[in-house]
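Scroll down for the structure; my scribbles are underneath it.
Convention: sequence-line order gives letters A, B, ...; per-chain numbering from 1.
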Amino acid sequence: MSAENKPVREIVTPGQVISTDPSHLAGRGAVKEADQIISVFVGLKEERGKYINVVPLNGLYNPQIGDKIIARVTAKTPVKFLMDINSKFVGILKPSDAFRRSHSNRGYPKSMGTYRVPKENEMGKFKMGDMVICKVLSGSRVEEPTLTSLGQELGPISNGVVIVISPTKIPRVIGKKGSMISLLKNLLHCKIFVAQNGRIWIQGRAPENERLLIESIHKIEREAHTTGLTDRVKAYIIQEKKIRGIK
Amino acid sequence: MTILVQEPHDEVCFREDGKRLDGRAVDEIRSFSCEVGVIKNAQGSALVRHGGNQIYAAIYGPREVHPRHLAKPDRGILRVYYRMATFSVHERKSPAPNRRENEISKVIRESLEPVLFLEAYPDSQIEIYIEVIAADGGTRCASTTAASLALADAGIPMKSMVVGVAAGKAQGKVLLDLGDKEDKVGQADIPCVVVMKDKSISLLQFDGEMSLDEMKLGFEYVLKGAEDIYQSQLEALKSKYQKISEEALKEDAKIDKSAIATEEKIEDGPAEGPEDLPQNKSEDAVDLPVAEKVEEKAAEPKAPKAENPAPEPEGKTTPSNPPGDA
């Protein structure tokens, strides 16, 4: 984990030739042109087997199926909610994917009679501006993603704070096998939910804890391309806790 | 009483010692500096100071197209808004967009389109706002340089950086990077935009009279000047991150390792977070597309996706993955 035995990854720029080895293949963030592999992003070059990848340092969130994201209700039609998901797409949340079904006579034969469950006004359950933790059900590069808010960890957010960082920095906030996020939770006694679209829900024991947590996350975002980040953040939090008198 | 200083209209563009009025040689560019990330609200931004020019460029998108009918189902569209501030020139410029601004917006757009993978963003648009704060000749070239920097800063995939620089002729001599006066009283002006990957030209305008030999010399100057500007561009893009890395290294040296270790033992007590609230699971980190270095995944690297709807013919540049996919 120490900074010494981690190789420093090179920062590359668009159009830069990153490999001329014919056995290499262009991975993410790279294209092959004749025998040269060129980068298309400002990013960090990394080699994985025979693939040469460029991890971009800035960019937008692109929804992928299964991602857990934090969405905001921005508009309603009579049959669906339109959600802002911090992407070029508008997420679609239908009431059938958002609320549990009321139990009418499902599974019973008609002879047993029906009983009518009064129809709820499902479209009125979310207001404009509500934040909802959702999962991406479907969607592609050309279609708007369909969301669901039914499931473990999903649902509307009623308390806490939501902050926004660049979606490309999210993996660093989570850390390798969740190391960074468990560090933040343990040191600051906060609840954190990191969504893939760059939004982070946090709730702290006290406002001071929340404030330090937000500053730590912004520090991680700023220094996301550097090595030895976990140790540095740990030292920063310990030092700031002493200065601010946070327990 | 205010004395309005007239713009100089004599034809003299050279000093007695043979150098240009600002002391440059014929094949020398004006002072050039640039920085990126100057506008917080934009997806990417750049500030370019080229001679007396001072130009901001900001990128927004890819995002939805409004009005919707402009959207193309097979490719994204690029929209460029080049505007001059009212105070950027000697006489006040009307703030309304005029014919010249619309033309420059168009030529900048066409010079940038070849280096972008617009086919990867169907039904969406990328917007470039270019604001000229101070104009000193050659703004369309400097604007293209700024737009290219801002696009790279925004993380929009590009085949190459582009650089704009002009050649021209004044008082019978071929010049590189005309200033305001040389532009106005000179005999010819060739604004060029160079794609730096293969040194191809993506914008070429020509105004005035020049012989073929003079034009060849002009292009030699342009390629030389473009290389200088390109190096400044790369430095600006990298220094944004390198500065932070250097600060981080200094901070690393100060860390008291023993303090971290003792704290860890105290903190390894029972987990704090209540179970009823959303908690991130550790597996999340492994599934991430750009997880920093996951050795477990080394054996199965992400192959180029086959579902790219607009693949180019083989042998040409093909985005091996949908660029926004990362």
Side-chain angles (χ1 to χ4, degrees), chain A residues 3 11 13-15 25-33 38 40-42 46 48-49 51 53 55-60 62 64 88 90 133 141-142 153 168 170-172 174-179 181-182 185-187 189 191-194 201 203 222-223 225-226 228-229 231-232 234-235 238, chain B residues 43-44 61-64 117 122-124 152-155 157-161 196-197 234 237-238 241-242 244-245 248 251-252 255-256 259-260 263 267 272-274 277-282 284-286 288 290-294 298 301-302 304 309 317-326:
Chain A
I11 298 177
T13 49
L25 294 173
R28 288 165 172 272
V31 291
K32 195 156 192 176
E33 211 172 64
I38 60 172
V40 301
F41 290 119
V42 178
E46 62 169 26
R48 272 188 195 173
Y51 286 91
N53 299 339
V55 179
L57 288 168
N58 197 1
L60 278 185
N62 214 37
Q64 293 189 328
K88 68 167 185 157
V90 173
I133 300 179
R141 233 149 47 75
V142 287
E153 303 180 346
T168 51
I170 284 292
R172 280 301 233 166
I174 294 172
K176 196 188 282 181
K177 296 190 178 173
S179 60
I181 198 160
S182 55
K185 279 178 187 170
N186 287 341
L187 283 180
H189 312 292
K191 299 164 204 159
I192 311 174
F193 183 84
V194 183
W201 173 86
Q203 192 189 28
R222 185 170 170 268
E223 299 176 8
H225 60 285
T226 60
L229 186 59
D231 283 351
R232 212 174 316 122
K234 192 168 188 178
I238 291 170
Chain B
Q43 169 81 14
R63 61 184 182 187
E64 272 187 66
F117 298 95
D123 265 333
S124 45
D153 180 45
M158 297 166 82
K159 293 186 184 99
S160 168
M161 300 289 289
M196 293 313 290
K197 173 76 177 57
L234 297 190
L237 286 173
K238 288 179 181 174
Y241 298 102
Q242 275 166 351
I244 298 171
S245 298
E251 207 177 309
D252 268 346
I255 293 177
D256 185 3
I260 301 177
E263 192 81 13
E267 297 297 336
E272 274 288 325
L277 274 151
Q279 298 279 320
N280 268 82
K281 286 178 181 167
S282 58
D284 282 6
V286 186
L288 284 170
V290 282
E292 53 153 343
K293 257 194 257 169
V294 188
K302 301 272 180 182
T317 307
T318 308
S320 55
N321 61 307
D325 223 35

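- Using a 4.0 Å cut-off between a side-chain N of Lys or Arg and a carboxylate O of Asp or Glu, A/Glu33 and B/Lys159 do not qualify as a salt bridge.
- Contacts between B/Ala154 and chain A at a heavy-atom distance below 4.5 Å involve the backbone alone (N, CA, C, O).
- Neither the backbone nor the side chain of A/Leu25 has a heavy atom closer than 4.5 Å to any heavy atom of chain B.
- Proximity of a side-chain donor or acceptor of A/His225 to a complementary backbone N or O of B/Tyr241 within less than 3.5 Å is detected.
- For a residue to count as touching a neighbouring chain, one of its non-hydrogen atoms must lie under 4.5 Å from one of that chain's; by this rule B/Ser245 touches chain A with backbone and side chain alike.
- The main-chain N or O of A/Thr226 is found under 3.5 Å from a side-chain atom of A/Arg172 such that the two form a donor-acceptor pair.
- Using a 4.5 Å cut-off between heavy atoms, B/Met158 contacts chain A through both its backbone and its side chain.
- Between A/Val42 and A/Asn58, the closest side-chain pair of non-hydrogen atoms is not below 4.5 Å.
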